[in-house]
Every structure is written in C-alpha cells, then in structure tokens.
Amino acid sequence: MKTILRLVVLVAMILLVGVAHAGDTLHGAGATFPYPVYSAWAYEYNKISGVKLNYQSIGSGGGQRQITNRTVDFGASDAPLKPEKLAELKLYQFPAIIGGVVLVVNISRVKGGQLKLDPDTLCKIFLGDIKYWDDPRLAKINPALKLPHKKITVVHRSDGSGTTAIFTKYLSGVCPEWNTKVGAGKAVKWPVGIGGKGNEGVANYVKRVKNSIGYVEFAYAKQNRLAHTLLKNAAGNFVEPSLKTFKDAAATGDFDPKKDFYLWLTNAPGKNSWPIAGATFILLAKEKTDSNRKVVRFYDWAFKNGDKTAERLAYIPLPESLKKKVREYWKSAGIY
Amino acid sequence: MPVSLKKNPVDLAFLVITATASLSVLVLILGIVFVLFSESALSIKEFGILRFIFSTDWNPVIESYGAATSLFGTAVTTLLSLVLAIPVAIGIAIFVTEIAPGFLKGPIGVAIELLAAIPSIIYGMWGLFTLAPIMADYIEPALQDTVGRIPFVGILFEGTPMGIDLLTASLILSIMITPFTASISRDAFNLTPAIVKESAYALGATKWEVMKNIVIPYSKLGVFGGAVLSLGRALGETMAVAFVLGNNHQITSSLLDAAATITVTLANEFTEADTDLYLSALFNLALILFVMSFAILAVAKFFLLRAERKFTR
C-alpha cells in the first residue's frame with residue numbers, strides 16, 4: 001500500500017512539474033528559412049530566462065494556418081500578409097530577421113564575383129530566352145569575360161519556399177514579361193530548368209551541373225563556396241552580395257507600422273543595396289495578450305542581444321530604426 | 001473456441017481486446033478515406049475529377065492545378081523500375097532457391113533483407129550524392145552515344161545528362177523494390193512441391209529445364225503477385241525519388257529530363273501550400289494515389305490468394 005501511495009505522489013509531482021513547465025514554453029510554427037537563427041536565439045534565451053521555445057519549422061503556409069486556428073503562440077511566415085488579411089484574421093505582424101538571396105553559377109574559369117547580371121538578362125535566362133552563356137546580351141554587360149558557347153542549365157527549388165517567393169517577387173517586379181508569364185509565389189510554374197530540394201539541393205546541383213545557374217540563400221552560397229554573381233540594382237550599380245549590401249537594402253526598405261510592416265524588400269532603392277532580399281515575419285493572435293507579451297519579450301531580447309548570432313548564421317539583423325518602429329508597434333498594441 | 005467463451009471471462013476479454021485492435025484498422029482506413037475526400041472536395045468542385053486528372057497545368061501562382069504531370073512521372077518511374085528490378089529479382093530468387101550451395105543461401109538471404117531494411121532517405125542521399133554524379137558523368141553520356149543514336153529510341157535519351165531525371169529515379173526505385181520481389185518470388189518458388197521437381201530431375205531434366213518447365217509455371221502467380229506488391233511500394237516511394245527527380249511538372253519524352261511524381265509533389269509542396277485550393281489539390285493527388293495503391297494491392301492479393309489456393313488444394 002505504501003509503495004502505491006508513493007507512486008501516486010511521484011506521478012502527481014511529475015505531472016505538476018510538467019504543467020508548471022508548460023507555462024514557460026512558447027509554441028511557434030512556420031517558416032523553415034529563419035529556423036536556424038530562431039533556434040540559436042532560443043537556446044541562448046533559455047539559458048538566461050528559463051523560457052523554452054518550441055518552434056516547428058513546418059513552412060510558412062503551415063505557420064499561417066496554425067496561428068489562424070490559434071493552435072500556437074506565434075506563427076512565422078516568409079511572405080508578409082496584407083493588412084486587410086491581418087485585420088480579417090485578427091493578427092499582428094512584425095518582421096524578425098532579414099535574409100538575402102544570391103545567384104550562383106558554375107561556369108568553367110568564371111570565379112565568384114566576376115559575372116555581371118542585370119534584371120533583364122537574369123529574367124531572360126530564367127525564362128529560357130537566353131539559352132547560351134555567350135549570348136550577346138550577356139557579353140554586352142560582361143565585356144571583359146570570355147563566356148563559353150554552352151547551354152545554360154537553370155536550377156530552381158523543387159519545393160515551395162520563401163526563397164522562391166522572394167526571388168520570383170523580385171523578377172516579377174523588374175521584368176514585366178516574367179510577371180505576365182510566370183508571376184510570383186512560393187512555388188511557380190518554371191519555364192525551364194531542374195528543381196533541387198531545399199537550398200542544399202539547389203547548391204548541390206549548381207556545384208555539380210556544369211554551366212548552371214541557381215538561386216540560394218546567402219548562407220548556402222558561402223558554405224558551399226559557390227561562385228556568386230554581381231547584380232545590377234535599382235540605382236544602376238552592379239553590387240556584390242554581402243552582409244553590407246544586404247544591410248543597405250534593409251536600411252532603405254520603407255517598413256510601415258501602419259501597414260503591419262507589409263513590404264517586400266526586393267529591388268530596394270539605395271546606391272549599394274543588394275536587390276533580392278526579404279524580411280521574415282512573426283504573426284500573433286490579437287486576443288492572446290498574455291502569450292503575446294512573452295513572445296514579444298523573446299524577440300525584444302533577440303533584437304538587443306541576437307545580432308551577432310544572426311550575422312554568424314548569415315542573416316541580416318533588422319536595422320536599429322526598424323527595431324524602434326517594431327517596438328512602437330508592440331507598444332501601441334499593448335503587448336510590450 | 002467460441003463455445004468456451006461464456007465460461008471463461010479471460011477468453012472473453014481477450015476476444016474483445018483483439019477484436020478492437022482489428023477493428024481499429026478498419027476505422028483508420030475509413031477515417032483516412034473520409035479525410036482525403038473531404039479535404040479534396042474543394043478542388044474536385046473547382047476542377048472536376050476528369051479535368052483534374054487530365055490537365056497538365058500545375059501553376060500555384062494562378063491556382064490552376066492538374067494531376068497529369070504527376071501521374072506521368074509516377075507511371076514512368078514505377079514501370080521503368082519494375083522493368084529493371086523484376087529480372088534481377090527473379091534471378092536472385094532462382095539462385096537462392098535452386099542453385100546456390102547451402103552455405104551461400106543464408107548470407108544472400110540476409111543481404112537481401114538488409115537491402116529492404118535501409119530507410120528510403122538513405123537511398124535518396126546516396127542517389128543525390130553518389131549515383132546522380134555517376135549517371136551524369138558516365139552512364140548517361142554512354143547511353144546517349146550508343147542507344148541514343150538509334151532512330152526513335154534516341155528520343156528517350158535526349159537532352160543534357162544531369163543525373164537528376166526519370167532514369168536515375170527509376171534506377172534507385174528498382175534497387176529499393178528488388179528485395180521485395182526477390183523474397184516473394186523465393187517464397188513462391190519454395191512452394192513448388194519437391195516431389196515434382198525430384199521427379200523431373202529423375203527423368204534427367206537439367207536445372208534450366210526444371211526452372212523453366214516446373215518451378216516457374218508452378219509459381220508464376222506468386223511471382224506476379226510479388227511484382228504487383230513491389231509496384232505498390234514503388235508507387236508510394238517518396239524520399240528517395242524526391243532527391244533525384246527534380247520535381248518539374250512536365251510531360252517529357254526524354255528519360256534524361258526532370259519530372260514529378262505524386263508523392264514527390266506532396267512532399268515538396270505541402271509545407272508551403274498556403275491557399276485552401278492549393279492544399280485541396282494536393283489532397284486530391286493523395287486521394288488519387290490512395291485509390292491507385294488500393295486497386296493495385298487488391299489485384300496483388302487476388303493473384304497471391306489464387307496461387308495459394310492452387311497449392312493447398
């Protein structure tokens with residue numbers, strides 16, 4: 001009898017601890033792209049605050065659905081939701097981190113940073129209109145490079161992804177033909193090319209398939225030592241993808257708290273802005289004030305202490321001015 | 001025995017427990033069918049069943065979905081992998097049952113079962129990092145230079161060899177299903193009554209003649225059933241194929257071109273399907289796959305049952 005009693009007490013204690021613990025866990029779900037930095041932040045935050053973050057990187061679509069159904073404390077999405085949609089679903093939205101998409105090529109004797117592309121040639125390559133590397137339109141902007149008469153293989157993502165959304169949003173913005181023929185989205189109907197699964201898949205294909213071109217998140221281009229290209233930005237300069245040019249793009253982005261920060265950071269103005277970048281967003285349910293406060297406390301901590309971690313993982317922290325705007329947005333929502 | 005049930009409460013409890021366990025399978029299947037139907041209802045309403053199956057358009061941007069490209073990829077990879085796997089599998093089964101000396105039978109049998117136990121994601125990674133480069137650099141150019149030159153057949157091998165294509169995917173699939181076909185064929189061969197085989201040998205028949213005239217005719221239904229079961233497995237295989245197929249929604253004449261299968265489409269696109277219609281179209285694909293697998297398994301069971309009945313008679 002005594003043993004049974006002891007067992008009951010033990011089980012009850014375990015349950016109680018479990019319940020008490022659950023209060024200190026934040027549940028989030030959504031985009032896969034910011035997952036590495038969120039989990040790195042969560043690890044450090046847990047050490048100082050004891051709050052655990054349970055983030056399921058199930059994709060932006062899933063994140064939006066789960067926060068709409070209120071099954072998580074926050075949702076994460078690579079694509080911003082329009083203010084009208086947010087009002088309809090009763091959600092708050094703010095940016096958390098910025099990422100850049102770069103173009104990588106595999107052409108013999110062409111090193112990283114040598115090949116120049118402009119919006120028009122890039123668009124024509126991905127439309128299948130420019131078929132060979134020695135096309136006169138490419139030669140015109142690359143007078144110093146001797147490009148081979150080899151067929152171009154386009155590599156794109158095979159899975160739906162925020163990276164694709166940012167990239168196609170950029171192409172749609174700078175190239176009317178792309179906008180009418182293909183459009184923008186997390187998955188699109190690609191006119192040409194082969195699809196790799198995930199950033200690592202695209203990086204792997206570009207590495208291996210000769211005369212190929214693909215787009216990946218900046219971190220993957222660095223990790224895989226792929227040859228990146230320069231790209232002409234809105235100001236007319238050929239810029240190199242780097243943390244600095246991403247930051248320039250982020251700084252010139254006009255994020256408006258009144259529109260719940262709805263903005264695609266593509267083709268940003270600014271002399272040295274890298275043109276293909278995007279913020280990834282956090283979605284909160286308006287009525288869940290208590291859990292919102294906790295989520296906001298986490299991101300506020302990350303804004304203050306997480307920049308180094310983010311840069312180490314090749315993400316671009318929000319510029320200070322934008323962080324200020326986000327904090328004001330929280331304040332006016334009464335959750336800061 | 002049912003008679004003793006009334007007397008023994010333990011037996012009754014046992015009956016209830018086992019019956020619940022078995023019934024839960026039925027409930028599960030019905031539940032899955034129900035969910036697949038209700039979730040795909042939106043896309044069925046929007047496109048209609050036939051138009052959905054025959055439309056080659058898969059364009060999430062304008063929300064126009066059709067299953068034809070995925071069905072094409074599924075059909076080609078599955079059939080090609082069967083063509084590649086079945087001869088090898090039957091060869092293995094014959095060797096193990098009839099030809100191999102006793103000390104080899106065990107190791108080969110274990111090796112085959114190990115092959116079946118490798119998780120498919122490992123096949124996928126091996127395919128992407130090892131097989132695909134070999135295909136792209138050696139096998140596919142060689143194919144283009146030989147069979148690719150033959151008129152008409154050459155159409156199958158056009159394009160730049162990249163190793164990310166229908167051929168590589170089918171090859172990986174064939175490696176994955178070979179163990180299934182082999183072990184089922186082996187069991188089927190073992191069903192051949194020893195007395196018939198012994199009689200044939202006594203009459204002076206060679207091994208080849210015994211195989212051809214006795215064992216294979218006896219076991220062909222079982223072998224066929226095994227092949228159909230592997231077909232079911234090939235249909236549903238996802239991860240290994242997702243790595244090496246490219247997921248391009250297109251119908252292509254060349255085996256050296258990227259394509260998409262139903263499972264690959266689901267695996268690739270589910271996470272980021274953010275509109276209701278997109279999600280519903282994916283569920284619709286899943287429903288089609290479910291119905292196909294169900295039909296194929298039913299056919300396989302039918303043949304395997306007939307084979308069994310023939311020998312137990």
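The model shown is predicted, which means the values in this text are computed figures rather than measured ones. All chains are named by letter (A, B, ...) in the order of the sequence lines, taking the proteins before the strands, and each is independently numbered beginning at 1.
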Enquirer: Using a heavy-atom distance cut-off of less than 4.5 Å, which residues of residues 134-157 of chain B contact chain A?
Expert: none
Enquirer: Would you mind checking which part of Val155(A) comes under 4.5 Å of any heavy atom in chain B, side chain (CB onward), backbone (N, CA, C, O), both or neither?
Expert: neither
Enquirer: So do Tyr278(B) and Ser43(B) actually touch side chain to side chain, heavy atoms under 4.5 Å?
Expert: no
Enquirer: Within the 3.5 Å criterion, strictly below it, is a donor on Thr77(B) or Thr261(B) matched to an acceptor on the partner's side chain?
Expert: no
Enquirer: Could you name the residues of residues 187-194 of chain A that have a heavy atom within less than 4.5 Å of a heavy atom in chain B?
Expert: Ala187(A), Val188(A), Lys189(A), Gly193(A), Ile194(A)
Enquirer: Check whether any side-chain heavy atom of Gln223(A) lies under 4.5 Å from a side-chain heavy atom of Asn199(A), and answer yes or no.
Expert: no
Enquirer: Say you draw a straight line from CG of Leu235(B) to CD1 of Ile296(B); how long is it, rounded to the nearest 0.5 Å?
Expert: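 Output value for this atom pair is 4.5 Å.
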Enquirer: Return the orientation label for the Phe126(A) and Trp178(A) ring planes: parallel under 30°, perpendicular over 60°, tilted otherwise.
Expert: perpendicular
Enquirer: Measure the CD1-CG distance between Ile107(A) and Asn211(A) for me, rounded to the nearest 0.5 Å.
Expert: 7.0 Å
Enquirer: Side chain to side chain donor-acceptor pair (under 3.5 Å) for Asp78(A) and Thr280(A)? Distances and angles first, verdict last.
Expert: CA-CA 4 Å; Asp78(A) 287 336; Thr280(A) 179; 2.9 Å; yes
Enquirer: Considering residues, nucleotides and ligands other than Phe290(B), do more than 12 of their heavy atoms fall under 6.0 Å from its CZ?
Expert: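 Yes - once you tally the heavy atoms of other residues, nucleotides and ligands closer than 6.0 Å, there are more than 12.
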Enquirer: Can you tell which part of Ser57(A) gets under 4.5 Å to a heavy atom of chain B, answering side chain, backbone, both or neither?
Expert: neither
Enquirer: May I ask you to list the residues in residues 236-256 of chain B that approach chain A closer than 4.5 angstrom, counting heavy atoms only, ordered by number?
Expert: Met239(B), Ala242(B), Phe243(B), Val244(B), Gly246(B), Asn247(B), Asn248(B)
Enquirer: What distance separates Asn204(A) CG from Met125(B) CE, expressed to the nearest 0.5 Å?
Expert: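 Going from CG on Asn204(A) over to CE on Met125(B), the span is 10.5 Å.
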Enquirer: Find out whether Phe37(B) and Val33(B) are in side-chain contact, i.e. whether some heavy atom of one side chain is under 4.5 Å from a heavy atom of the other.
Expert: yes
Enquirer: If we only count heavy atoms from C-beta on, is the Leu115(A) to Leu147(A) side-chain gap below 4.5 Å?
Expert: yes
Enquirer: Which bit of Ala79(A) comes within less than 4.5 Å of chain B, counting heavy atoms only: side chain, backbone, both or neither?
Expert: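 Neither part.
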Enquirer: Please report the closest heavy-atom contact between Ala203(A) and Asn224(A), naming both atoms and the distance.
Expert: CB-ND2, 3.4 Å
Enquirer: Would you say that Leu279(B) contacts Arg65(A) through its side chain, given a criterion of any heavy-atom pair below 4.5 Å between the two side chains?
Expert: yes
Enquirer: To the nearest 0.5 Å, how far apart are CD1 in Ile118(B) and CD1 in Ile175(B)?
Expert: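 If I round to the nearest 0.5 Å, the distance is 9.5 Å.
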Enquirer: Quick one: does Leu86(A)'s side chain get under 4.5 Å of Tyr92(A)'s, heavy atoms only?
Expert: no
Enquirer: Sort out for me which of Gly160(A), Ser158(A), Gly59(A) touches chain B most, counting heavy-atom pairs under 4.5 Å.
Expert: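 The residue among Gly160(A), Ser158(A), Gly59(A) with the greatest pair count is Ser158(A).
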Enquirer: With a 4.5 Å limit on heavy-atom distance, are the side chains of His156(A) and Thr164(A) in contact?
Expert: no
Enquirer: Which atoms of Ser60(A) come close to chain B, meaning under 4.5 Å heavy atom to heavy atom: side chain ones, backbone ones, both, or neither?
Expert: both
Enquirer: Indicate the atoms forming the closest heavy-atom contact of Ala221(A) with Val104(A), along with that distance.
Expert: CB-CG1, 3.8 Å
Enquirer: Would Phe283(B) and Phe270(B) count as a close aromatic pair, with their ring centres under 6.0 Å?
Expert: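 Close enough - the centres of the two rings lie under 6.0 Å apart.
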Enquirer: I'd like to check Val72(A) versus Asn54(A) (side-chain heavy atoms, cut-off strictly below 4.5 Å). Are they in contact?
Expert: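 Val72(A) vs Asn54(A): side chains apart.
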Enquirer: Heavy-atom pairs under 4.5 Å with chain B are the metric here; pick the option from Lys210(A), Lys186(A), Lys151(A) that has the most.
Expert: Lys186(A)
Enquirer: Can you check whether anything in residues 44-58 of chain B gets within less than 4.5 Å of chain A, heavy-atom wise, and list it by number?
Expert: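 Hits under 4.5 Å: Asp57(B), Trp58(B).
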Enquirer: Given that the side chain runs from C-beta out, which part of Ala267(B) has a heavy atom under 4.5 Å from chain A: side chain, backbone, both or neither?
Expert: backbone
Enquirer: Might you confirm whether atom NZ of Lys286(A) has over 12 heavy atoms from other residues, nucleotides or ligands at distances under 6.0 Å?
Expert: yes
Enquirer: Against chain B, work out which of Val182(A), Thr168(A), Ile58(A) has the most heavy-atom pairs shorter than 4.5 Å and name it.
Expert: Ile58(A)
